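None of the values given here were measured: they were computed from a predicted structure. Numbered from 1 within each chain, the chains take letters A, B, ... in sequence-line order.
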Protein chains: 2
Amino acid sequence: MHPLDATRALMEGLGSESSICMKCGSRSVGLCAPLDAAALDDMSGESERLAFDQRDAIFRQGDAARHVYTLTEGMARLTRVLPDGRQAVIGFRFAGDILGFTPEAEHAFGAEMLTRGTVCRLDRRRLEQMFRRYPVMERRFLDLCVKELSASQDHILALGRFSAEERVAAFLVSLAEAQERRGHVGPVFDLPTTRADIGEFLGLTLETVSRAVSSFRKRGWIRLHGHSGIELSDRNALACLAAGEGADAA
Amino acid sequence: MHPLDATRALMEGLGSESSICMKCGSRSVGLCAPLDAAALDDMSGESERLAFDQRDAIFRQGDAARHVYTLTEGMARLTRVLPDGRQAVIGFRFAGDILGFTPEAEHAFGAEMLTRGTVCRLDRRRLEQMFRRYPVMERRFLDLCVKELSASQDHILALGRFSAEERVAAFLVSLAEAQERRGHVGPVFDLPTTRADIGEFLGLTLETVSRAVSSFRKRGWIRLHGHSGIELSDRNALACLAAGEGADAA
DNA sequence: CGGCACTTTGATCGTGGTCAATAAGTGTGG
DNA sequence: CCACACTTATTGACCACGATCAAAGTGCCG
């Protein structure tokens, strides 16, 4: 395994760049790629497009899982809460990702927008129909699901074994890679998450995240541009830290 | 969500009590339940039974993923290693569980026996054939996979938000529930893991696990029987601690 | 009985959490 | 355009949980 695979997968989720929405933008590859025109036609017309503001909930933990969503614009976070109020961010999702797919009756986590954006919503029963009609689609869901499982396990490894700075470095590198995979160019990336969000994702407090970021800045590894821009000036240094240093600094 | 759902799922993995092995014991329910006799016949005869000693590797991280396994006797741990040598136990598996199913070319984690036991091995291409012939089986894999994903997310929450004692309590309760789900009766459970294994699963050192266990013992919550027997004398206390205390001590 | 692996317990240290004050952005209305 | 309120970020001081280092203790197998 390449040293960065763990961190690379850290933020990737179910269906990166795999929209299930036919009419909502050009990213409709992945899941639907194996379908023919008739199948696409079959499915489109059923999905609704919804607009959300920053901090709006797309769905909440415990809601009846009646729909499956495709994030078409913006960035969202997935959160899970404990009965005593403690909560954790279990992942972030970007344009093109699928949200809220589950065979269970209720959503096991909530999804909230970090930016304003749009979402496409497909009735779950409709998706089940599609599965019956086009089994290849179901297989793609299975593959994506196993991939996400693998990413979760990497996150488990990070939470259990990485120091605070290693986790923050891994997060920043993953964020950059996720944006590049979606066509971003240039050294300045978007960081729409608050320190608190990052902390809840990494199992740290917002102060610790802030200290790590400051430390990277003082070392010249990153530069902040405004309130939601971040430049990775020494990405290799971050990547090494994220992967467990001494291993193989390629 | 019930307060214990998180901890309950903590140790459950892909295919609890869902053997894919036809000739290896009576637990062949779950995955194959929807198949008819002809289908079962179709698949049996292809699987091989293998015996392992304690600490033997069933497969290693990075191995070509040529087979899918069903653990038929004993208990195993799944481990993932970082290039710098740090490793984490990402889960435990019991009799009836499925191991090593992945659409990838290589296993993303290794599996080792904690006890001596037996495993049934099915060629992966054979399984793919089965999927094509009996699509309902593929759907069951998808469902199990989503369940496991949910369990991983609970573990993420535990690692990120639980204190050392909470994690150990959650582990013990989950262990007991996993054994009960497999037919175990009585207050004394099997604890075939070393303190180091538990620590690597929970992101703690073996000393911290030992201290938590001692502390529970002194409080009268548990009692140790020999080297691998544990009695949960005050399970409710453990469960409360595991779920985040004050919530709802039913 | 000795050897070995695992566990327990203690003492000390350090990372990261907590509490608190200040600073820097961001958005709104005058 | 600036003043003000508000949110988010930074930095510092202190503290606690759990890691680390070290030494006995326990049970198991040859």
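Between the P atom of C:dA5 and the CZ atom of B:R55 lies a distance of 12 Å, rounded to the nearest Å. Following rounding to the nearest Å, A:R161 (CZ) and D:dT20 (C1') show an atom-to-atom distance of 14 Å. Between the CG atom of A:L114 and the C1' atom of D:dT8 there is a distance of 14 Å, rounded to whole Å. Straight-line distance from the CD atom of B:E200 to the P atom of D:dA19: 12 Å, rounded to whole Å. What separates CZ of B:R86 from P of D:dT20 is a distance of 11 Å, to the nearest Å. Taking atom CG on B:L202 and atom C1' on D:dA19, their separation rounds to 15 Å, with Å as the unit. Between A:D197 atom CG and D:dT7 atom P there is a gap of 15 Å when expressed in whole angstrom units. Residue B:R167 contributes atom CZ, which lies 8 Å from atom P of D:dA19 at whole-angstrom precision.
Residues of residues 206-228 of chain B that place a heavy atom closer than 4.0 Å to DNA chain D, in numerical order, are B:E207, B:T208, B:R211.
Salt bridge status for B:R80 with A:D154: present, with a side-chain N to carboxylate O gap under 4.0 Å. A salt bridge links B:D197 with B:R55: at least one charged nitrogen is closer than 4.0 Å to a carboxylate oxygen.
For the residue pair A:T79 / A:E200, no side-chain donor-acceptor distance below 3.5 Å is found, with atom types taken as modelled. Remark: the B:S214 side chain and the B:R217 side chain contain an N/O donor-acceptor pair separated by less than 3.5 Å. A donor and an acceptor atom, one from each side chain of A:S215 and A:R219, are located under 3.5 Å apart.
Between B:V146 and A:C145, the shortest heavy-atom distance links the atoms CG2-SG, 3.7 Å.
Contact annotation: B:R195 reaches the phosphate of C:dT7 (side-chain N/O to OP1 or OP2, under 4.0 Å).
Ring planes of B:F59 and B:H107: parallel class, angle under 30° (limits at 30 and 60°).
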* To do: Carefully, step by step, assess B:F92 and B:F171 under the rule ring pair (Phe, Tyr, Trp, His ring centres under 6.0 Å).
  => CA-CA 11 Å; B:F92 296 102; B:F171 171 79; 5.8 Å; yes
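Residue-level contact check: A:G199 touches neither bases nor backbone, having no heavy atom under 4.0 Å from any strand.
Residues A:R167 and A:F201 fail the side-chain proximity criterion, which asks for heavy atoms closer than 4.5 Å.
Axis angle across the helix from C:dC1-D:dG30 to C:dG30-D:dC1, with five pairs used at each end and values rounded to 10°: 40°.
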